[in-house]
Colleague: 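Pasting a structure here, questions to come.
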Amino acid sequence: MNRNDFPILKESVQGKPLVYLDNAATSQKPQVVMDAIVEAYSHWNSNIHRGVHHLSQVATLHHEQARQHVADFINARSSAEIIFTKGTTDSINALAFSIGELLIREGDEIIVSGLEHHSNIVPWQMLCERKKAVLRHIPLHDDLTLDLEAFKGLLNDKTKLVSVAHVSNVLGTIQPVEEIIRMAHERGVAVCIDGAQSVPHMKIDVQALDCDFMAFSGHKMYGPTGIGVLYGKREWLEKLPPHEGGGEMINHVRWSGTTFNDLPYKFEAGTPNFVGSWALKTAIDYMQSVGMATIEQHERELTQYCVGLLREIEGVRLYGHSTQNPSQREDALGVISFNIYNGEQLIHPFDIGTLLDQQGVAVRTGHHCAEPLIDELGVPGTVRVSFGLYNDRSDVDAFITALKKAQMILM
Ligand SMILES: Cc1ncc(COP(=O)(O)O)c(C=O)c1O
């Protein structure tokens with residue numbers, strides 16, 4: 001893992017070397033990704049799919065090559081199953097609208113889980129409001145694993161879709177999505193996987209998973225902001241109506257009506273982010289040059305190393321890495337949430353985050369856009385540490401030293 005590939009890691013914060021541990025929010029970018037953006041604007045910037053002229057054709061080739069690359073990366077059957085969006089949130093909103101139009105009627109039910117990011121709650125709530133449908137959620141056991149028996153009980157003839165996170169952005173725990181997909185499919189129910197926190201950290205094979213949809217964001221996987229993906233099985237995408245209208249997504253427009261384009265263009269209204277798609281392709285190349293198995297192994301080890309050190313600090317309470325169930329440590333990837341208590345008194349995570357920042361350590365504090373889960377934990381928020389491929393034990397050591405200092409100041 002070459003940290004020198006990431007120029008920002010040489011920055012200082014508050015006069016201290018930057019220790020960046022907020023990768024679940026967004027990852028840093030390697031130089032090659034920034035170069036890809038400059039290359040696109042310097043050499044072939046031109047609107048795609050529309051021009052007979054050379055630059056437009058070159059830009060189109062890059063965009064479609066990027067789409068094929070994403071398809072190969074997640075092992076989709078075809079590039080027609082890859083829809084470029086702005087990110088995970090945009091992907092889930094698009095799906096919620098389209099599937100809502102196709103499938104959801106009054107009284108129907110949609111199931112999410114008790115540990116979702118707001119992006120995988122609010123679009124479904126809005127859809128349920130619009131269609132007078134009902135949003136249900138899979139409850140959590142005390143150890144913060146999903147209660148699959150309860151899930152079984154929730155599935156019924158009114159259930160039309162299940163949408164769950166693959167990896168929790170608060171706990172880092174890997175959810176049993178294979179089992180959830182199998183159980184839902186047994187009842188003929190489609191499943192969407194929120195892959196925002198899994199695609200950057202582990203090898204994903206959508207055919208092996210057999211999920212019907214998957215959403216993820218480029219900026220969390222070393223790519224640029226403003227580009228993301230909605231994967232959908234072709235048979236679903238063929239049936240779904242488009243969620244937006246405009247240029248690109250049409251076949252013919254007449255005053256009498258419009259016919260829609262083929263997949264995947266039916267879902268890509270307006271000028272697409274063809275520079276972003278190329279930069280995302282470059283980010284995927286970068287990850288593959290390191291190797292997805294290597295990235296996963298490295299981040300698992302780092303997570304375990306950090307959890308081990310946190311456990312030794314008095315007053316630390318970890319969430320989703322409970323001492324009651326240490327085996328869960330093996331099922332957590334890249335994200336650790338915790339709080340520090342002074343006796344029974346919680347030290348506010350914001351205070352810890354501020355003191356860490358003063359020592360150059362960037363972590364996240366608060367509800368992490370997962371308020372229902374944070375409510376369930378019964379705390380105002382947590383401190384969250386999250387790793388990327390460039391982090392190493394020196395980052396963890398710097399974080400632990402800074403945390404102990406913060407603790408001394410606050411206790
Ligand atoms: C699990 C999960 N889902 C969805 C999102 C939303 O991603 P974006 O803001 O890139 O749309 C995030 C971002 O933190 C996330 O962690």
Side-chain angles (χ1 to χ4, degrees), residues 20-29 33 70 74 83-97 112-126 137-138 140 144 146 162-177 180 191-202 204 209 211 213-231 243 273 276-277 279-280 283-284 299 303 319-320 331-337 362-374 376 381-388:
Y20 187 76
L21 296 173
D22 192 18
N23 293 280
T26 199
S27 61
Q28 300 303 347
K29 319 304 170 200
V33 167
V70 172
I74 60 169
I83 298 161
F84 283 121
T85 64
K86 289 186 286 185
T88 309
T89 306
D90 195 33
S91 299
I92 296 176
N93 275 280
L95 178 64
F97 182 87
V112 296
S113 87
L115 41 68
E116 300 304 322
H117 187 282
H118 297 162
S119 291
N120 197 30
I121 300 176
V122 184
W124 305 115
Q125 281 179 330
M126 289 164 69
H137 68 270
I138 310 170
L140 303 173
L144 304 178
L146 293 185
V162 174
S163 189
V164 289
H166 197 171
V167 172
S168 159
N169 69 307
V170 177
L171 309 172
T173 45
I174 303 170
Q175 305 311 314
V177 286
I180 289 172
V191 181
C192 171
I193 300 296
D194 174 348
Q197 299 295 347
S198 60
V199 176
H201 306 287
M202 65 209 293
I204 297 294
L209 276 177
C211 56
F213 304 97
M214 181 176 277
F216 52 99
S217 300
H219 71 96
K220 293 184 195 289
M221 48 194 285
Y222 314 101
T225 48
I227 186 95
V229 173
L230 174 63
Y231 156 80
H243 61 296
N273 184 358
S277 64
L280 175 60
I284 292 173
E299 292 178 7
T303 307
Y319 303 103
D331 298 333
L333 185 56
V335 178
I336 304 166
S337 258
V363 298
R364 202 72 162 183
T365 61
H367 57 58
H368 317 298
C369 295
E371 282 191 311
L373 171 58
I374 295 295
E376 186 134 346
T382 70
V383 184
R384 183 185 72 181
V385 173
S386 55
F387 301 113

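As the structure lists them, so they are numbered: ligands from 1, and atoms in each ligand from 1.
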Colleague: With a cutoff of 4.0 Å, is His118 in contact with ligand 1, counting heavy atoms of the residue only?
Modeller: no
Colleague: When you compare the side chains of Thr88 and Ser217, does any donor N or O come within less than 3.5 Å of an acceptor on the partner?
Modeller: yes
Colleague: Please report whether ligand 1 has a polar contact with Ser119, defined as an N or O pair separated by less than 3.5 Å (distance criterion only).
Modeller: no
Colleague: Is a donor from one side chain sitting under 3.5 angstrom from an acceptor on the other, for Ser27 and His219?
Modeller: no
Colleague: My understanding is that we take every heavy atom of each candidate and find the minimum distance to atom 12 (C) of ligand 1. Doing that for His368, Lys86, His117, which one comes out nearest?
Modeller: His117
Colleague: Identify the closest protein heavy atom to atom 16 (O) of ligand 1: which residue and atom is it, and at what distance?
Modeller: Gln197 NE2, 2.7 Å
Colleague: Checking the side chain of Asp22 only, and the main-chain atoms of Ser386 only, is there a donor and an acceptor separated by less than 3.5 Å?
Modeller: no
Colleague: In terms of heavy-atom contacts, does CZ of Arg384 have more than 12 from other residues, nucleotides or ligands at under 6.0 Å?
Modeller: yes
Colleague: Nearest non-hydrogen contact with atom 2 (C) of ligand 1 belongs to which option: Thr26, Asn93, Asp194?
Modeller: Asp194
Colleague: Among all protein non-hydrogen atoms, which one is nearest to atom 14 (O) of ligand 1, and what is the separation to 0.1 Å?
Modeller: Lys220 NZ, 2.6 Å
Colleague: Side chain or backbone of Ser217 under 4.0 Å from ligand 1, or both, or neither, by non-hydrogen atoms?
Modeller: side chain
Colleague: Quick check for you: to the nearest 0.5 Å, what is the distance between His137 atom NE2 and Asn120 atom CG?
Modeller: 13.0 Å
Colleague: State if Glu116 counts as touching ligand 1 under the rule of any non-hydrogen atom under 4.0 Å.
Modeller: no
Colleague: What part of Thr89, side chain, backbone, both or neither, has a heavy atom within less than 4.0 angstrom of ligand 1?
Modeller: both
Colleague: Of all the heavy-atom pairs spanning Ala196 and Lys220, show the shortest one and how long it is.
Modeller: O-CD, 3.7 Å
Colleague: Do Leu115 and Leu140 have side chains that approach each other closer than 4.5 Å (heavy atoms only, starting at C-beta)?
Modeller: yes
